[in-house]
Amino acid sequence: MNTKYIFVTGGVVSSLGKGIISSSLACLLKARGFRVTIQKFDPYINIDPGTLNPYEHGECYVTVDGHEADLDLGHYERFTNVRTTRANNITTGRVYQNVIDKERRGDYLGKTVQIIPHITDEIKRNVKLLGKTGDYDFVITEIGGVVGDIESLPFLEAVRQLRWELGSDACCVHLTYVPFLGAAKELKTKPTQHSVKQLQQLGIQPDVLVLRTEHDIPREMRAKIAQFCNVAADAVVQSADAPTIYEVPMRMHRQHLDDIVLRICAVTPEREPDLKAWHTFLEKLQSPKDEVRIALVGKYVELQDAYKSINESLFIAATYNDRRLKLTSVHSEKLNDANAGELLVEMDGVIVAPGFGTRGIDGKFAALKWCREHDVPTFGICLGMQCMVIEFARNVMGLTNAHSREMDSMTPNPVIDLMDEQKSVTALGGTMRLGAYDCLLAEGSLARKAYGGAEKVSERHRHRFEFNSNYREAFEAAGMRCSGENPETRLVEIVEVPGKRWFLGTQFHPEYSSTVVAPSPIFLDFIKAAIDYRESKK
Ligand code: GLN
C-alpha cells in the first residue's frame, strides 16, 4: 500500500486540541495494525522551541535523537507509543533556513528564490520525508495555528498542492469550534461554516470535520454542517469535552473517525482496532481504590502546560496503581523553611521540577530539606536532582556554600558544574546535552529496583550542568549514593539516599518516555512508594 498522508488543520480558535485528535486517530490506526507517525508543522520563525520559555510555549519536549520539540510530540508518543524524531517537528524557521542554505550553496543558481515554489517545495519535501523511509503506512501532519493566520499560508498552500498530487493517498481533516451561546441557549454553526469557506478559498476541501463542543451537537445540526461544507454526512464528527484526553480515541472510534479516514484513503482495513490495553487503562481510571497526593514543586506551576509530560506521567502511573492522582502545585517562590511543613505535610510524595536560573531555587531547597528530614517519597528531575545534591551538600555534608555554577559562578563548592563539553558553547539554540543516553544502574540500588531490575536504561536529557564527579566520594561517604552513571563518560545521572523510603533524583527526564501502554517504570515505582507511605500514615 502507498503511504497515506493525513493533514489536520484547525479553524475558528486555537487550543481546540488538534494534537489530541491527531494522536487519537493515530492511536486507532495503529490499533488496526497500521504503521503510523505524526508530525507537527509550527508556523513560528524560531528554529525550534528550545529557546522559548514556558510562558510562551508550555513545555519543551525532547525526542530521542535530541531535538527540542513542541509539546504535542509528547501526546503523539503517549498515544501511539511510537518514538518521534527531529523529522516530526518542523518550524517556518527551519524551512527558511534550509532554503537559504541551499541558495547560498548555489542550488538555485540563476533563479529568484520565492515562497512559491521554493518554500512550499521545502515544506512538501519535509511532509514526505517520513513517508519515504518506508516505515509508515500513514503520516499524519498537523498544521499548527489557525486557518486565516498569515504565517500558516505557505503550509496550507503546500497541503493544497499535495492533496491534488496525492489524490486518494491524502485526506484532509479540519477541526473547528461550535460555540454554545448561553443567553440564546443555542449551539452556533456559523463560525464553522466560515472557517471551512476560508479553507476552500485557499483551495482545500476538507474531507472530514471534527467539531469541538462543550455540548452534544444534534444529528440534524451535523447534517446541516455537512451540507453547507461539501462533506459527507457521516464525516462530520463531534469532539465534546471529555473528562480525560485518554477517552478521546474511543469517542472518535464510536463515531467511526478511523473508518471514514480509511474509506477516503481507499484502504480496506483487515481488522477492527485492538484496544485492549487502552480499555484496561480506562477501566482502571474509572474505578480507583483511593487517591494519591503528590506535590509538584516548580516555578511555572500556574501554567497548565509547563510540566505537561510530568503531569501526564504521574497521571498514568497513578492510574496503573489504581489511584486517582491528586496533584497539588506548589510554587517554589512561595516556599521557605518556615512554611515547607505546612505546605507539604498532607502529601504522599513530592516531585521537584526541572528548570533554569535562580528564581524559586531556595524554595526547592526548602522543600527538599523538609522532605528528606521527614522521609517523604521524593523525586527530583534534572534541576530537581541538582537541587537534591546541593541541599544534601549544604545540610548533611556541612558545605554551607555549595551551589551550582549556573546560579553562583563563584561558589567555592560547585557540586553542580558546567559539563566539559559545554565549556566552549556560546550559542544557546540546540546546544545543550540533548536526547537519549544510556545509564548503568548500580546493583542493589533503588534506581535498579525502580527500573524492574534492569542493568541499563536509556533516557532523555536536556541540560548543561552536571553532578561534579570530584565530590563523588565525599557524597557517597556522607550517605548519598550515585546509583546511575553514563557508561562512556561516567557522568552521574542518578543519586539516591539509601535508608529513606524513596529519595531519588535523575539528571535525565523519564517523563518524556512514559506512554499509556508503556508507562515509565520509575514513575510507577515512585507512585507505589507514595501509596505505601500514605497507607503507613493511616
Ligand atoms: N538548568 C539545569 C542545567 O542546565 C537543569 C536543566 C533542566 O532542568 N532541564 O543543567
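Atoms within each ligand, like the ligands themselves, are counted from 1 in listed order. As the structure is a prediction and not an experimental result, all values here were calculated from the model.
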Side chain proximity check, R534 to D532, heavy atoms < 4.5 angstrom: no
N-O pairing of D241 and R212 below 4.0 Å: yes
D348 and R293: CA distance, side-chain angles, deciding distance, salt bridge (charged side-chain N to carboxylate O under 4.0 Å, His left out) verdict: CA-CA 5 Å; D348 307 318; R293 298 182 183 182; 5.2 Å; no
Step-by-step salt bridge (charged side-chain N to carboxylate O under 4.0 Å, His left out) determination, R460 to E511: CA-CA 9 Å; R460 298 175 219 184; E511 70 273 21; over 6 Å; no
Distance flag, aromatic centroids of W278 and F79, threshold under 6.0 Å: yes
Heavy-atom nearest neighbour in the protein, as seen from atom 9 (N) of ligand 1, with distance rounded to 0.1 Å: R462 O, 2.9 Å
Minimum-distance protein heavy atom relative to atom 7 (C) of ligand 1: C382 SG, 2.8 Å
Heavy-atom side-chain contact between L399 and Y471 under 4.5 Å: yes
Atom indices of ligand 1 within 4.0 angstrom of H509 heavy atoms, with elements: 9 (N)
N or O contact, G355 vs ligand 1, cut-off under 3.5 Å: yes
Protein contact of atom 2 (C) of ligand 1 - nearest heavy atom, named by residue and atom, plus distance: E406 OE1, 3.2 Å
Close N or O approach (F465, ligand 1; < 3.5 Å): yes
Ring-ring centroid check Y300 Y55, cutoff 6.0 Å: yes
Mode of Q386 contact toward ligand 1 - side chain, backbone, both, neither (heavy atoms, under 4.0 Å): side chain
Min heavy-atom dist Q507 to ligand 1 below 4.0 Å: no
Structural part of M432 in contact with ligand 1, heavy atom criterion under 4.0 angstrom: neither
Which residue and heavy atom of the protein sit nearest atom 4 (O) of ligand 1, plus the separation: R464 N, 3.0 Å
